[in-house]
Amino acid sequence: MRKMLRVVNHVSDNILNKQTLFEDFFNHSMDLLCVAGYDGYFKKVNPAVCKLLEYSEEELLSRPINDFVYLADKRETSSARKALKERNPLVDFENRYVTKSGRIVWLLWTSYPLEKQKLIYAIAKNITYKKQLEDERNYHLAKLTEINNDFKQLTYTATHDLRSPVNNLISIFELIDLDKITDTETLEYISMIKDTSYNLRDSLNDYITIFNDRNQSSASVEILNFKEILDDVLYSISSLVSNSKVTINIDFAELENITFNRTYLKSVFLNLITNAIKYSKPESLPVISIYTKIVNNQKQLIISDQGIGFDMKKVGNKIFGLHQKFSKNKDSNGIGLYLVYNHIINLGGQITVDSKLNEGATFTITFRD
């Protein structure tokens, strides 16, 4: 009999200990713990809920839960509660509550329904500080975007407006009759000023081209036929193609179409083809190969030439930089590859270069599509 009593007492002590542990966990948790009914009322809340919302437990249990929810979040919260009643657990649900003093707090909820008991067990974290940081970050991002747009507009306006006086200066040189100037030093100075003016004009034109190109049709994509786009480009530079006696090998059999920006694709073809002609070997006629491939389900456009190539150890990742020049060619301006790179990257693609000096260059473009 005594042994039985000891067993009963031991079981009772265990039950009491477990209840005490549960109550301690519930009451001392820094997270918000609560039990809600299917009727939309709190049935039990821990002190953390009362402390954050500034209501007593009696006040919280006596009113519908939606009374404490921020007005703009009431409908979404009601929908979430309805989903819980349909036995759908709620994970990472965010909404706002209004404290007794009128403060708005953000809560992140995880809730689980017990259909038989018509109860919902829920735990929430106060993420107000996190939301405030997000709002502050978004505010600063918006301000930076605004400043950046203003700066771009100022840069464009200044560059555009400077072209007129520079063009006027160039036109003056056209009016000067150099035959009437006999002083050699004066002629040399005029020549230097003239060359500087032309260089300044060309630089201004390059900057405007880049600005316009990066701001037009950046999000406009469509299904394009490689051959049709290439034919348009080759027609636009037909004189260059004819005079250079270039051989262009074309094969789009593996991939005929791509979803891309029309202006960008034309620019890619134009710059890589004209570069291949410009930097062909002096002793041989230029040869260009243009073809498409599908490698590991990735769609690729390859443009290769047999020109002077690059020393990739020296060039490295500078090859696509603005105004980077790797040739003494007087027509080199460091713009073309910069534009090609940005066209591809802006639409989520990649471009790589394989090249050696005097062994040509191969540009491989991998599309996001």
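Fair warning: this is a prediction, and the values are worked out from it, not measured in the lab. By convention here, the first residue in the shown sequence is residue 1.
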Asks: Go through the steps for E59 and S56 under the test side-chain contact (heavy atoms from CB on, under 4.5 Å), then give the verdict.
Replies: CA-CA 5 Å; E59 289 175 313; S56 66; 3.2 Å; yes
Asks: If you measure from CH2 on W106 to CD on Q132, what distance do you get to the nearest 0.5 Å?
Replies: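 The CH2 atom of W106 sits 11.5 Å away from the CD atom of Q132.
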Asks: Would the distance check show the side chain of K299 and the main-chain N or O of L255 forming a donor-acceptor pair, the cut-off being under 3.5 Å?
Replies: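 Looks like no, no N/O pair under 3.5 Å.
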Asks: Please say whether more than 12 non-hydrogen atoms of neighbouring residues, nucleotides or ligands are located less than 6.0 Å from NZ in K125.
Replies: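 No - once you tally the heavy atoms of other residues, nucleotides and ligands closer than 6.0 Å, there are 12 at most.
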Asks: Can you tell if the side chain of K100 reaches within under 4.5 Å of the side chain of L53, non-hydrogen atoms only?
Replies: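 No - every pair of side-chain heavy atoms lies 4.5 Å or more apart.
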Asks: Does atom CZ (R63) have a neighbourhood of more than 12 heavy atoms from anything else shown, all under 6.0 Å?
Replies: yes
Asks: Do you know the tightest heavy-atom contact between E254 and I294?
Replies: OE2-N, 3.0 Å
Asks: How about N296: does its CG atom have over 12 heavy atoms from other parts shown lying under 6.0 Å from it?
Replies: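 For N296, atom CG is not crowded (no more than 12 foreign heavy atoms under 6.0 Å).
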Asks: Exactly one of D231, L230, I288 should register a side chain to side chain contact (heavy atoms under 4.5 Å, CB included) with I250. Which one does?
Replies: L230
Asks: Give the ring-plane orientation class for F269 versus F226, where under 30° counts as parallel, over 60° as perpendicular and anything between as tilted.
Replies: perpendicular
Asks: Can you check whether L107 reaches I127 side chain to side chain, under 4.5 Å on heavy atoms?
Replies: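 No, every pair of side-chain atoms sits at 4.5 Å or beyond.
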Asks: Rounded to the nearest 0.5 Å, what separates atom CZ in F252 from atom CD1 in I290?
Replies: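 One finds 6.0 Å between CZ of F252 and CD1 of I290.
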Asks: Look at the rings of Y97 and W109 and say which category their plane angle falls in: under 30° parallel, 30 to 60° tilted, over 60° perpendicular.
Replies: tilted
Asks: Within the 3.5 Å criterion, strictly below it, is a donor on T366 or Q350 matched to an acceptor on the partner's side chain?
Replies: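 No, because no side-chain N or O of T366 sits under 3.5 Å from a partner of the opposite role on Q350.
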Asks: Using only heavy-atom distances, determine whether the side chains of N257 and N225 contain a donor-acceptor pair under 3.5 Å.
Replies: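 The criterion, which ignores hydrogens and geometry beyond distance, is satisfied for N225 and N257.
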Asks: Mind checking whether I303 and T362 have side chains closer than 4.5 Å, heavy atoms only?
Replies: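 SC-SC contact between I303 and T362 ruled out.
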Asks: Does the side chain of S78 pick up a donor-acceptor pair with the side chain of N66 at under 3.5 Å?
Replies: yes
Asks: Say whether S267 and N271, considering side chains only, have a donor N or O and an acceptor N or O under 3.5 Å apart.
Replies: yes
Asks: When you check the side-chain N and O atoms of N126 and T128, is any donor under 3.5 Å from an acceptor?
Replies: yes
Asks: Is Y112 reachable from I120 through a run of I, L, V, M, F, W or Y residues, each pair having side-chain heavy atoms under 4.5 Å apart?
Replies: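 Per the 4.5 Å side-chain linkage, I120 and Y112 are not co-clustered.
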Asks: For atom CG of L141, is the number of surrounding heavy atoms from other residues, nucleotides or ligands below 6.0 Å larger than 12?
Replies: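 Above 12, so yes.
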Asks: Any non-hydrogen side-chain atom of I258 less than 4.5 Å from a side-chain atom of I223?
Replies: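 I258 does not reach I223 side chain to side chain.
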Asks: Can a salt bridge be assigned to the pair R137 and E134 using a cut-off of 4.0 Å between side-chain N and carboxylate O?
Replies: no
Asks: Compare all side-chain heavy atoms of V287 with those of V246 and state whether any distance is below 4.5 angstrom.
Replies: no
Asks: With side chains defined as the heavy atoms from C-beta onward, is the minimum distance between N346 and Y341 less than 4.5 Å?
Replies: no
Asks: Do I365 and I302 pass the side-chain contact (heavy atoms from CB on, under 4.5 Å) test, and can you show the C-alpha distance, the side-chain angles, and the key distance before you say yes or no?
Replies: CA-CA 6 Å; I365 296 163; I302 296 95; over 6 Å; no
Asks: Mind checking whether I237 and I273 have side chains closer than 4.5 Å, heavy atoms only?
Replies: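 Contact flag for I237/I273 side chains = yes.
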Asks: If you draw a 6.0 Å radius around CD in E54, do more than 12 non-hydrogen atoms from other residues or ligands fall strictly inside?
Replies: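 Correct, the count exceeds 12.
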